[in-house]
Amino acid sequence: MKHTALITGASSGIGKELAKIHAERGGDLVLVARRADQLNQLKQALEQQYGVTVEVIVKDLTKPLAPKEIYDEILQKNIQIEYLINNAGFGGRGKFHERAWEQDLAMINLNVVALTALTRLFLPDFVKRNSGRILNTSSTASFMPGPLQAVYYASKSYVTFFSNAIAEELYDTNVTVTNLMPGATESEFAKTSGMDKTGLFDKTASAYSVALDGYNGMLKGKLDVVSGLTGSQKVMMAAIPFMPKKMLLKQVRQMQEVN
Ligand SMILES: NC(=O)c1ccc[n+]([C@@H]2O[C@H](COP(=O)([O-])OP(=O)(O)OC[C@H]3O[C@@H](n4cnc5c(N)ncnc54)[C@H](OP(=O)(O)O)[C@@H]3O)[C@@H](O)[C@H]2O)c1
């Protein structure tokens, strides 16, 4: 296999676009998500169009054993992963104390635990070979606390700080870790996260443009890639460190209220 990329959350949205971009450049793929039909359709299309090899692993990454099962399956198939793309994730709206705990626990297991576990499983091999790239999909939500999406924002802060920290630990290797922070992006995310009726998703970037920014940033070994923000959102992001926290919290809460 050539420069094989493992992409989680490849059945839709940003992950699917990342898979297409990688295949277009002649790279092989391992696609991971829960929906077998979507993954197999994508496999067929990419193999036909680009002549690459695509493996599908159907897995629910909220399950504690899933990352190790993926790693073992890849080892057993003798596939060498060159790019690890931890992209699967979901959000959820509502007051923390009123939300179903099982939903928030699953969110932490996917957004935080699975991403960390997959990184821990593959990174030693990358370091041993002194090559490999990791791309973690975080969010611009990682810049701030997120009332009405408290667990989601906190999970993405974890992704950003974890990715940045291990990137620095690898300063004396050729292995890089890139943290992708999309703004509101067109995908299934807004609906699955109950955010589709909020003002935050009035204007969205395309999943393709966000995936391309992330992919190019990963190839360059960039630390952070922010993608898909409107002009006014860029101004707001730049102002965050200077805003009184109570004002910031109120603004973020109001943005996440249903229209
Ligand atoms: N869209 C946005 O506005 C936005 C903004 C900032 C950050 N992000 C982040 O971008 C990433 C990709 O999201 P997206 O916007 O492309 O949304 P999406 O279209 O909903 O894609 C999410 C992907 O994650 C997979 N997934 C969900 N639960 C899973 C599970 N339990 N096990 C394995 N895979 C699972 C889904 O596949 P299955 O359902 O087939 O399992 C799907 O392929 C996420 O980490 C999200 O937090 C999105």
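In what follows, residues are counted from 1 in the order of the sequence shown. Everything numeric in this text was worked out from a predicted model, so none of it was measured. Counting convention: from 1, in listed order, for ligands and their atoms alike.
One hydrophobic cluster, built from ILVMFWY side chains closer than 4.5 Å, holds both Ile108 and Phe96.
The two residues Asn179 and Ser138 have their closest heavy-atom pair at OD1-CB, 3.1 Å. The minimum heavy-atom distance between Leu39 and Ala33, with the atom names listed, is CD1-N, 3.5 Å.
Pairs passing the salt bridge (charged side-chain N to carboxylate O under 4.0 Å, His left out) check and including a residue from residues 69-88, sequence neighbours excluded, read Glu55-Lys77, Lys59-Glu69, Lys68-Asp72, Glu73-Lys77, Glu82-Arg129. The stretch residues 31-45 participates, sequence neighbours left out, in these salt bridge (charged side-chain N to carboxylate O under 4.0 Å, His left out) pairs: Arg35-Glu188, Lys43-Glu47. Within the structure, side-chain hydrogen bond (donor to acceptor under 3.5 Å, both in side chains) pairs that include any residue of residues 198-208 comprise Ser206-Ser209 (at least two apart or interchain).
Residues with a heavy atom under 4.0 Å from ligand 1: Gly9, Ala10, Ser11, Ser12, Gly13, Ile14, Ala33, Arg34, Arg35, Lys59, Asp60, Leu61, Thr62, Asn87, Ala88, Gly89, Leu110, Thr137, Ser138, Ser139, Tyr152, Lys156, Pro182, Gly183, Ala184, Thr185, Ser187, Glu188, Phe189, Phe201.
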